Amino acid sequence: MSSNPEHPAGPICQWCHGSGVITRVLAYVPGPDPFRGPAESLARAGQCKHCQGTGVYDSPLDPTLEHWRRDPQ
């Protein structure tokens with residue numbers, strides 16, 4: 001593997017493409033009813049939840065997978 005800091009050392013995460021960061025879009029509706037009225041949207045950068053910000057995907061460390069399904073009972 002190369003020691004280039006721009007390329008992760010391992011399998012590249014397919015969700016963040018190795019950057020460790022994904023864009024999250026949020027919507028906010030002011031007032032008591034969040035389903036009525038115009039929504040304000042906001043895009044923010046956040047840590048990738050699949051590789052935990054490393055850019056390298058390792059399925060045993062992926063918190064979004066249901067590990068209990070494959071663990072012996």
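Index from 1, following the sequence. Computation of the quantities below employed the complete heavy-atom set of this structure, encompassing side-chain atoms and omitting hydrogens, waters and symmetry-equivalent molecules. It should be emphasised that the depicted structure is a prediction, and the values quoted were computed from it without experimental measurement.
Annotation: side chain of Tyr57 is not in contact with side chain of Gln14 (no heavy-atom distance under 4.5 Å). No side-chain heavy atom of Leu42 sits under 4.5 Å from any side-chain heavy atom of Tyr28. Using a 4.5 Å heavy-atom cutoff, the side chains of Leu26 and Ser41 are not in contact.
Rounded to the nearest 0.5 Å, atoms CG (Asp62) and SG (Cys13) are 8.0 Å apart.
The nearest pair of heavy atoms linking Gln52 to Gln47 is O-NE2, 2.6 Å. Residues Arg36 and Val29 come closest through the heavy atom pair O-CG1, 2.8 Å. Val56 approaches Cys51 most closely through the heavy-atom pair O-CB, 3.4 Å. Annotation for Ile22 and Cys16: closest pair CG2-CB, 3.8 Å, computed over non-hydrogen atoms.
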